[in-house]
Each structure stands twice: as structure tokens, then as C-alpha cells.
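What follows is a set of notes on a single structure, which appears directly below.
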Amino acid sequence: MRLLEAIAAEPSFLQVVVMGLVTVFVVLICLIILIKIMGSLMGGRASAPAPAPAPAPVQAAAPAPAAAQPNKQQLVAAVSAAIAEDMGSGVEHIRIHSIRKL
């Protein structure tokens, strides 16, 4: 009798671990059920989405000519200012040889 009273009075390490695990998994199961209910109410499907149609073959695009970018000087100025700010120096210490789109 004293053993049962001692167990009931002060939980052991194993009891605390088991109760914690049970609590976590019960809450996770409740969350899964709640999310499934909300998904069905919102009209979502639980199955995987339909496969996308096969994409059309892509032709290699020719590089755009330099004349297609009318604000090249403004672009160079903005890039220079950003690099100078990052380096902590002035724009006069930077020399940009080329800018290309990645």
C-alpha cells in the first residue's frame, strides 16, 4: 500500500516521460484531425494534385542587344552605389568592366 501511495504522491521520472509523450501525440493527432476537417470545409482535396501537362520544347533565346536597355547608365550607377555601400568606400574607387544578367 505504501508503494502505491508513494507513486500517487510523487510521480517518478518514467511516469513524467510517458505522460509527456502521450500528451504530445494526442495533441498531434488532434491537430491532424482538425486540419483535415478544415481542409474539407474549405474545399481542398486531400489527394495529390493532377500531373501538369508536358511543357512545350523551349528554344534557346538569343541574348538581348545592348540597345534593348535604355537606362544602362542608371543601372551602372545603381550597381556602383550598391557595391560601394557594401564595401564601405566611395564610388570613385570602383571600376565596373561589364554587367551581365545571371
Same hydrophobic cluster for Leu31 and Met42, using side-chain heavy-atom links shorter than 4.5 Å among ILVMFWY? no
Is Leu21 reachable from Leu28 through a run of hydrophobic residues whose side-chain heavy atoms are each under 4.5 Å from the next? yes
Val27, Ile35: one ILVMFWY side-chain cluster at the under-4.5 Å cut-off? no
Linking I/L/V/M/F/W/Y whenever any side-chain heavy atoms sit under 4.5 Å apart, do Val17 and Val26 land together? no
Hey, which of Glu92, Glu85, Met87 is the one that makes side-chain contact (heavy atoms from CB on, under 4.5 Å) with Ser89? Met87
Any chain of hydrophobic side-chain contacts (each under 4.5 Å) joining Val24 to Phe13? yes
So, taking the atom named CG in Leu75 and the one named OG in Ser80, what distance separates them when rounded to the nearest 0.5 Å? 9.0 Å
